[in-house]
Student: 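Take this structure first; my questions come after.
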Amino acid sequence: MKYQGVIFDLDGVICSTDHYHYLAWKALADRLGAYFDEEINNRLRGVSRMASLEIVLERYDGTLTQEEKEAAAEEKNDRYRELLKNMSPADLSAEVKETLDALRAKGLLLGIGSSSKNTRFILGQIGLGDYFDKISDGTNITRSKPDPEVFLKAAEYLGLEPKDCLVVEDAVAGIQAAIAAGMDSAAVGDAAKSDLATYRLHSFRDLLTCVE
Ligand code: B16
Ligand code: MG
């Protein structure tokens, strides 16, 4: 086996929360009178909450104090978490679940490396609350992707060397983070359009061929 562990990004890889992020940011932007659309929302993929807010505020005419920014981020997150309550195990595709099970059956350790502070809540909603061996997320990092911190922590929690881990990502910033961590990467979605990743996946189950 080429790797001993696989570290998965959450949003855009294991499940999709894009639309809920969009609705929650849109409501905040509307309240502030700032323009916001799907294209701007796409730029928030893999980006931390506060960095996302800065992108949303690019189209805001006024200025917010640090305290107001924190309140705005909290307002967005409260709405986002309400929306996440709509998620259920039906939001986990059979292909993703079967591929995860097959990777585990090969003896690989499975971890999460996500920028989201809502990782555990989302995993619980989709029925994977106790599934992963270790979780590294927005609650245990100080620097967000493309910094490698989230993946290096995931490897450390799994007890593995970076070179023995494969990262699965949908955001270019996440692939850059994997490279900076000294890890191979497999790209899905948007990230698969760039040629930075070690592997570009057509479908999630193609992962099974990358690890052999
Ligand atoms: P939260 P990932 C990222 O998760 C999302 O892609 C990104 O859109 C979001 O801003 C970020 O998490 C922070 O999320 O506000 O829940 O802490 O793709 O790294 O799993
Ligand atoms: Mg992602």
Side-chain angles (χ1 to χ4, degrees), residues 6-29 36-58 69-87 91-92 96 110-126 128 131-132 134-154 167-178 180-181 183 185-194 196-197 201 204 207:
V6 186
I7 301 170
F8 297 87
D9 173 55
L10 178 64
D11 289 338
V13 171
I14 299 295
C15 62
S16 177
T17 53
D18 261 18
H19 189 58
Y20 297 136
H21 276 299
Y22 170 79
L23 291 174
W25 283 122
K26 175 85 175 118
L28 175 71
F36 186 76
D37 62 14
E38 294 276 2
E39 211 177 308
I40 300 173
N41 193 56
N42 285 341
R43 290 174 55 205
L44 311 183
R45 213 168 274 147
V47 175
S48 74
R49 194 181 307 161
M50 290 312 281
S52 297
L53 176 66
E54 293 299 338
I55 293 173
V56 172
L57 293 178
E58 285 172 9
K69 283 181 184 175
E70 272 153 33
E74 193 179 323
E75 177 184 331
K76 181 266 171 178
N77 193 52
D78 288 347
R79 192 170 277 117
Y80 176 58
R81 283 180 70 98
E82 269 311 305
L83 292 165
L84 288 177
K85 290 181 185 162
N86 294 314
M87 290 190 90
D91 289 289
L92 175 66
V96 169
L110 306 182
I112 290 281
S114 166
S115 305
S116 176
K117 292 183 173 166
N118 294 301
T119 294
R120 284 181 165 78
F121 185 56
I122 296 167
L123 288 174
Q125 289 298 112
I126 62 174
L128 293 181
Y131 189 85
F132 290 92
K134 295 289 172 191
I135 292 170
S136 170
D137 66 14
T139 64
N140 61 258
I141 55 170
T142 53
R143 298 176 300 274
S144 67
K145 302 167 188 174
D147 189 283
E149 186 181 12
V150 73
F151 294 137
L152 290 174
K153 286 263 168 65
V167 165
V168 189
E169 258 290 348
D170 72 313
V172 173
I175 300 292
Q176 291 167 332
M183 299 175 186
S185 57
V188 299
D190 244 27
K193 291 180 198 149
S194 101
L196 285 177
L201 305 184
F204 197 85
L207 254 186

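We count ligands from 1, going down the list as the structure has it; atoms in each ligand are counted the same way.
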Student: Measure the shortest side-chain to side-chain distance between I126 and C15 over non-hydrogen atoms and say whether it is less than 4.5 angstrom.
Tutor: yes

Student: Using a strict cut-off of under 4.0 Å between a residue heavy atom and any atom of ligand 1, list the qualifying protein residues by chain and number.
Tutor: D9, L10, D11, H21, L44, R45, G46, V47, R49, S52, Y80, S114, S115, S116, K117, N118, K145

Student: Taking atom types as modelled, is there a side-chain donor on N118 or D137 under 3.5 Å from an acceptor on the other?
Tutor: no

Student: Evaluate the side-chain contact (heavy atoms from CB on, under 4.5 Å) criterion for residues Y80 and L23: first the C-alpha distance (whole Å), next the side-chain angles of each, then the deciding distance (0.1 Å), finally the verdict.
Tutor: CA-CA 8 Å; Y80 176 58; L23 291 174; over 6 Å; no

Student: Hey, can you pull the donor-acceptor pairs under 3.5 Å for the side chains in residues 167-176, sequence neighbours left out?
Tutor:
residue : atom : partner : partner atom : Å
E169    : OE1  : A171    : N            : 3.0
E169    : OE2  : K145    : NZ           : 2.7

Student: With sequence neighbours left out, what residues match E54 under salt bridge (Lys or Arg N to Asp or Glu O under 4.0 Å)?
Tutor: K69

Student: What are the two closest heavy atoms between D11 and H21, and how far apart are they?
Tutor: OD2-NE2, 3.4 Å

Student: Would you check if M87 and L84 make a side-chain contact, meaning some heavy-atom pair closer than 4.5 Å?
Tutor: yes

Student: On a heavy-atom basis, which atom in F151 and which in A181 lie closest, and how many Å separate them?
Tutor: CB-CB, 4.3 Å

Student: Which atom pair, heavy atoms only, marks the closest approach of D37 to I40?
Tutor: OD1-N, 2.9 Å

Student: What protein N/O/S atoms are found closer than 2.8 Å to the Mg ion (ligand 2)?
Tutor: D9 OD2, D11 O, D170 OD1

